[in-house]
Amino acid sequence: PFAKAQKGKAYFKRFQVKFKRRREGKTDYRARIRLTNQDKNKYSTPKYRFLVRFTNKDIIAQIVSASIAGDMVLASAYAHELPHYGLEVGLTNYAAAYCTGLLLARRVLKKLEMDEEYEGNVEATGEDYSVEPGESRRPFRALLDVGLLRTTTGNRVFGALKGSLDGGLDIPHSEKRFAGFSKDSKQLDAEVHRKYIYGGHVAGYMRNLRDDEPEKYQSHFVEYIKRGIEPDGIEEMYKKVHAAIRADPSPKKSEKQPPKEHKRYNPKKLTYEQRKERLIERLNALNSAAGNDDEDDEDEDDE
Amino acid sequence: MPAGHGLRSRTRDSFSRAFRKKGTIALSTYLKTYHIGEYVDVKVNGAIHKGMPHKFYHGRTGQVWNVTKRAIGVEVNKQVGNRIIRKRIHVRVEHVQPSRCAEEFKLRKKLNDKLKAEAKARGEVISTKRQPLGPKPGFMVEGATLETVTPIPYDVVNDLKGGY
């Protein structure tokens with residue numbers, strides 16, 4: 001060895017691993033403690049989190065409560081379900097986040113039989129809307145859990161938040177981070193926010209590309225063109241999706257059966273016998289290659 | 001200068017976190033619920049500075065008498081002079097663990113209720129009292145061979161062989 005070993009036995013003996021989800025970089029425990037901590041004098045009353053996560057191609061929205069056995073999901077909605085409601089493309093934009101939040105809210109309220117009482121904001125105007133308490137039950141309260149996102153103004157996670165608020169959930173929030181809030185005037189421009197909710201920003205970009213750079217337009221908006229979606233028809237499309245979501249938010253069961261054999265994603269561990277056989281094979285292969293070079297007659301067939 | 005007897009004096013080791021268990025506190029501490037009358041152990045978590053009990057109560061067990069937003073009221077026995085006082089302290093939940101001292105009793109209660117109900121269904125009268133272990137039963141020793149030992153008559157000549 002030419003480099004001094006930095007991490008010796010003593011290092012490993014004293015090394016304390018962080019929690020698994022911290023090592024994976026997926027959970028912010030400081031935030032999690034504060035979100036799930038319930039007042040002790042409320043005993044086992046669940047404290048629900050409105051959890052929103054974005055992957056590269058999907059949006060996940062869940063209502064989750066924590067327990068020692070593991071978090072319990074009350075209801076969940078994914079952006080990949082939106083094709084059932086008529087939205088096929090642009091599944092991770094601000095408007096799709098709004099739809100996913102709306103879908104989750106209606107689903108939860110339907111599950112708890114509160115959907116008649118709490119309609120929420122049927123016509124999305126982009127203004128700040130908070131649920132009013134109804135007659136019989138208090139509105140469903142959840143706390144927004146963004147995970148590890150940077151909460152900048154106009155982030156899609158607040159699109160999902162707006163969707164849920166308009167769907168009828170009670171989530172403490174401020175309008176400071178909605179798209180269309182201007183730092184200078186310290187006010188939310190409802191028009192701009194409404195544009196984002198109905199995909200106006202995407203439509204604008206489509207129009208720009210179509211007029212200025214047709215090739216880029218063809219390559220970038222392939223799926224839109226394939227389905228014949230025009231920039232002017234985008235708002236209508238989203239209006240229809242919202243209506244479809246409100247009409248029937250229940251999840252659709254898929255027809256697929258789970259595969260009988262569970263697919264393996266890592267190689268299977270060999271037994272001791274198998275490893276010995278592999279070793280013999282490799283030694284033979286090595287020696288036959290060396291034998292061809294040296295023309296030696298070495299027999300290293302180990303038992 | 002003298003050592004001093006402050007609130008947290010002599011707690012260097014008892015209040016320190018365990019080896020390789022420092023840092024973030026596991027969520028289960030916060031998710032446990034406590035009801036009045038349950039037994040809890042007081043064990044100080046040195047990482048949480050609020051709601052710490054005095055070092056005397058570290059390692060004590062008491063009953064819960066109050067539940068507030070973030071803390072538990074625990075009633076602990078303390079000997080003061082020639083009597084024992086029931087002291088009531090408030091402790092944040094991070095410094096408290098559910099005690100297992102009453103676990104065996106609770107399980108036995110449940111089991112006995114079940115046995116009594118079954119016996120009632122059968123029409124028998126059973127005693128669910130615990131009996132202390134009696135003397136062990138007699139047993140035969142395995143692999144024993146008898147060796148009879150008798151004294152041999154005293155032999156003067158042989159004994160004096162050593163030297164006289």
Side-chain angles (χ1 to χ4, degrees), chain A residues 6-51 53 62-74 138 141-148 172, chain B residues 13 15-53 57 62-76 88-100 103:
Chain A
Q6 288 292 83
K7 300 198 291 199
K9 196 164 152 191
Y11 171 85
F12 289 112
K13 278 187 147 200
R14 310 208 91 249
F15 188 78
Q16 179 187 339
V17 286
K18 295 182 165 58
F19 286 173
K20 179 163 83 121
R21 286 216 114 213
R22 171 61 191 89
R23 275 178 277 142
E24 293 170 2
K26 290 183 182 172
T27 304
D28 174 4
Y29 278 97
R30 183 177 187 276
R32 184 172 156 81
I33 289 179
R34 281 153 179 76
L35 274 172
T36 55
N37 200 0
Q38 175 67 288
D39 298 354
K40 290 297 148 233
N41 44 13
K42 292 188 185 159
Y43 299 98
S44 305
T45 314
K47 200 164 193 175
Y48 293 106
R49 298 181 283 144
F50 169 56
L51 180 141
R53 299 284 187 269
Q62 292 177 327
I63 301 283
V64 174
S65 69
S67 85
I68 296 184
D71 285 2
M72 302 293 180
V73 177
L74 184 63
R138 284 178 293 131
R141 194 181 188 91
L143 306 172
L144 179 65
D145 179 349
V146 294
L148 295 153
Chain B
D13 290 328
F15 281 12
S16 64
R17 303 277 279 134
F19 180 58
R20 287 191 300 157
K21 297 231 171 85
K22 299 193 178 62
T24 323
I25 305 189
L27 268 283
S28 55
T29 337
Y30 297 96
L31 293 172
K32 290 205 178 85
T33 56
Y34 299 95
H35 298 88
I36 295 181
E38 284 178 356
Y39 281 96
V40 291
D41 302 330
V42 174
K43 186 176 168 206
V44 172
N45 185 327
I48 304 292
H49 306 142
K50 288 191 159 184
M52 246 195 214
Y57 300 101
Q63 288 189 306
V64 178
W65 65 275
N66 186 18
V67 177
T68 67
K69 207 159 91 140
R70 300 271 178 250
I72 310 280
V74 187
E75 204 173 36
V76 176
R88 295 191 150 189
I89 56 171
H90 280 100
V91 179
R92 273 207 173 211
V93 295
E94 294 92 329
H95 309 292
V96 149
Q97 289 171 354
S99 181
R100 292 185 62 190
E103 176 182 313

(request) Among the options B/Thr29, B/Ile72, B/Thr33, B/Leu27, pick out the one with the most heavy-atom pairs lying under 4.5 Å from chain A. (result) B/Leu27
(message) Is the shortest side-chain heavy-atom distance between B/Gln63 and B/Val74 below 4.5 Å?
(response) no
(message) Are there over 12 heavy-atom neighbours, none belonging to A/Arg138, within less than 6.0 Å of that residue's CZ?
(response) no
(request) Pick one of side chain, backbone, both or neither for B/Lys21, based on which atoms fall under 4.5 Å of a heavy atom in chain A. (result) backbone
(message) Going by side chain to side chain contact (heavy atoms under 4.5 Å, CB included), name the residues that satisfy it together with B/Asn66, two or more places apart in sequence or in a different chain.
(response) B/Thr68, B/His90
(message) I'd like to know if the side chain of A/Gln38 and the backbone of A/Thr45 have a donor-acceptor N/O pair within less than 3.5 Å.
(response) yes
(message) Which one wins on heavy-atom pair count under 4.5 Å against chain A: B/Ile25, B/Leu31, B/Val93?
(response) B/Leu31
(request) Counting only heavy atoms closer than 4.5 Å, note whether A/Arg32 contacts chain B via side chain, backbone, both or neither. (result) both
(message) Check B/Asp41 with B/Arg100, please: is the shortest side-chain N to carboxylate O separation under 4.0 Å?
(response) no
(request) Under 4.5 Å heavy-atom distance to chain B, tell me which part of A/Tyr43 shows up: side chain, backbone, both or neither. (result) both
(request) Below 4.5 Å from any heavy atom of chain B, which atoms of A/Arg22 appear? Answer side chain, backbone, both or neither. (result) neither
